[in-house]
Engineer: 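Just dropping this structure here.
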Amino acid sequence: MTGAVAGIDMGVASLATTSDGDHIENQRHLAASADRLAAAQRDLARKKRGSTRRRKAVARVAALHAKVRRQRLDGAHKAALTLVRAYDVIVHEDLRIANMTRSASGTIVQPRRNVAAKSGLNRSILDAGWGVFLRVLAYKAESAGRELIAVNPANTSRTCSRCRHVARENRVTQAQFRCQACGHEAHADVNAAKNILRAGLALRDAAEAA
């Protein structure tokens, strides 16, 4: 046991950022294979249905996707192991990833705005492999006897970890946080991770008190 506790904020720039200020790299395996996948899919599209060449092209595309999945799983195991070795208590956001990556285009009746930006974010979230990482983290935490706590992510990125002032304007940029009330400045993901940790410890204290 380490006696250490941490909150982690899931992200795209970094896979996860801890309340101690450490960043776990987002490997972006799908993006790294994008050119080869695109070429393989174009080659597949040119092949005649039912032909031997088409079957081989299908196999090539499938093999590339399988490689990305293996790489993502391997990265998730390594990242989760790093956290489980370092901390006894790990708090993360209770993310509804399926909802977050829902179709960006909407419907004819309710078309969505900023479709290109939303589609790009969807790809980035899926490429980061949040779902895979959190599943692996849960497994490793249980195996190692570590405590894993999931908290509501609402306003964790907008709340000042020092004075707890909540405002959308606190999030100056994707990476920069500056509290409009007390002036506290921090990396935005580290600030969020501290709020996540505080919420998790409060949940644990309430459960113990009950």
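Throughout, numbering of the chain's residues begins at 1 and tracks the sequence.
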Engineer: Are L148 and Y87 packed together at the side-chain level, in the sense that at least one heavy-atom pair is separated by less than 4.5 angstrom?
Structural biologist: no

Engineer: Please write out which residues are connected to V172 in a hydrophobic cluster, directly or through intermediates, given that two of Ile, Leu, Val, Met, Phe, Trp, Tyr count as joined at side-chain heavy-atom separations below 4.5 angstrom.
Structural biologist: none

Engineer: Decide whether I149 and V5 are clustered together by the hydrophobic rule: side chain heavy atoms of Ile, Leu, Val, Met, Phe, Trp, Tyr closer than 4.5 Å, transitively.
Structural biologist: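 The answer is yes; both residues are in one hydrophobic cluster.
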
Engineer: How close do K48 and R54 get, heavy atom to heavy atom, and via which atoms?
Structural biologist: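 Of all heavy-atom pairs spanning K48 and R54, the closest is O-CB, 3.3 Å.
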
Engineer: Atom NE2 of H65 and atom CD of Q41: how far apart are they, to the nearest 0.5 Å?
Structural biologist: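 The CD atom of Q41 is 5.0 Å from NE2 of H65, to the nearest 0.5 Å.
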
Engineer: Among Ile, Leu, Val, Met, Phe, Trp and Tyr joined by side-chain contacts under 4.5 Å, find the other residues sharing a cluster with V190 and list them by chain and number.
Structural biologist: none

Engineer: Side-chain polar contacts of residues 195-210 - donor-acceptor pairs under 3.5 angstrom, sequence neighbours left out - could you list them?
Structural biologist:
residue	atom	partner	partner atom	Å
N195	OD1	R198	NH1	3.2
N195	ND2	T156	O	2.9
N195	ND2	T159	O	2.7
N195	ND2	N191	O	3.4
R198	NH2	S161	O	2.7
R204	NH1	E147	OE1	3.4

Engineer: So, do R60 and L64 sit near enough that their side-chain heavy atoms are less than 4.5 Å apart?
Structural biologist: no

Engineer: Can any side-chain N or O of D20 pair as donor or acceptor with the backbone N or O of D22 at less than 3.5 Å?
Structural biologist: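 Side chain of D20 to backbone of D22, a donor-acceptor pair under 3.5 Å: no, none is there.
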
Engineer: Looking only at heavy atoms, what is the nearest atom pair of V136 and A76, with distance?
Structural biologist: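 Minimum heavy-atom separation between V136 and A76: CG1-O, 3.9 Å.
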
Engineer: Does the side chain of F177 reach to within under 4.5 Å of the side chain of D189, using non-hydrogen atoms?
Structural biologist: no

Engineer: If you round to the nearest 0.5 Å, how far is OH of Y139 from NE2 of H77?
Structural biologist: 8.0 Å

Engineer: If you measure from OG1 on T82 to NZ on K140, what distance do you get to the nearest 0.5 Å?
Structural biologist: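 Going from OG1 on T82 over to NZ on K140, the span is 10.0 Å.
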
Engineer: Looking only at heavy atoms, what is the nearest atom pair of C163 and C182, with distance?
Structural biologist: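 Looking at all heavy atoms of both residues, the closest pair is SG-SG, 3.7 Å.
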
Engineer: Please identify each residue that fulfils side chain to side chain contact (heavy atoms under 4.5 Å, CB included) with R70, with sequence neighbours left out.
Structural biologist: A66, K67

Engineer: Treating R178 as the side-chain partner and R171 as the backbone partner, does any N or O pair qualify as donor plus acceptor under 3.5 Å?
Structural biologist: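 Absent.
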
Engineer: Are T17 and I8 packed together at the side-chain level, in the sense that at least one heavy-atom pair is separated by less than 4.5 angstrom?
Structural biologist: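 Side-chain contact under 4.5 Å: no.
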
Engineer: Would you compute the distance between atom CG of L73 and atom CZ of R135 and round it to the nearest 0.5 angstrom?
Structural biologist: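 Rounded to the nearest 0.5 Å, the CG-CZ separation comes out at 9.0 Å.
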
Engineer: Nearest 0.5 Å please: distance from the NE2 atom of H92 over to the CD1 atom of I90.
Structural biologist: 9.0 Å

Engineer: Tell me whether N170 contacts the main-chain N or O of Q180 through its side chain, where contact means a donor paired with an acceptor under 3.5 Å.
Structural biologist: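 Flag set: sc N170 to bb Q180 pair under 3.5 Å.
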
Engineer: Is a donor on one side and an acceptor on the other found under 3.5 Å between the side chain of S14 and the backbone of G11?
Structural biologist: no

Engineer: Within the 4.5 Å heavy-atom criterion, are L83 and I24 side-chain neighbours or not?
Structural biologist: yes

Engineer: What residues, two or more places apart in sequence or in another chain, satisfy salt bridge (charged side-chain N to carboxylate O under 4.0 Å, His left out) together with K78?
Structural biologist: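 Here the qualifying residues are D74.
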
Engineer: Could you grab the distance from atom CZ of F133 to atom CG of L137, nearest 0.5 Å is fine?
Structural biologist: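 Here the interatomic distance stands at 5.0 Å.
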
Engineer: Are R55 and T52 linked by a side-chain donor-acceptor pair shorter than 3.5 Å?
Structural biologist: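 Note: R55 and T52 side chains meet the donor-acceptor criterion.
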
Engineer: Could you check, using the six-membered ring where one of them is a Trp, whether H165 and H184 have ring centers closer than 6.0 angstrom?
Structural biologist: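 No - the distance between ring centres of H165 and H184 does not fall below the 6.0 Å cut-off.
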
Engineer: Strictly below 4.0 Å, N to O, side chains only: are K194 and D9 in salt-bridge contact?
Structural biologist: no

Engineer: Could you pull out the closest heavy-atom pair between A4 and A86, with the gap in Å?
Structural biologist: CB-O, 3.5 Å

Engineer: Please list, chain by chain and in numerical order, all residues satisfying side chain to side chain contact (heavy atoms under 4.5 Å, CB included) with R146, sequence neighbours excluded.
Structural biologist: M1, T2, V84, D88, A141, A144

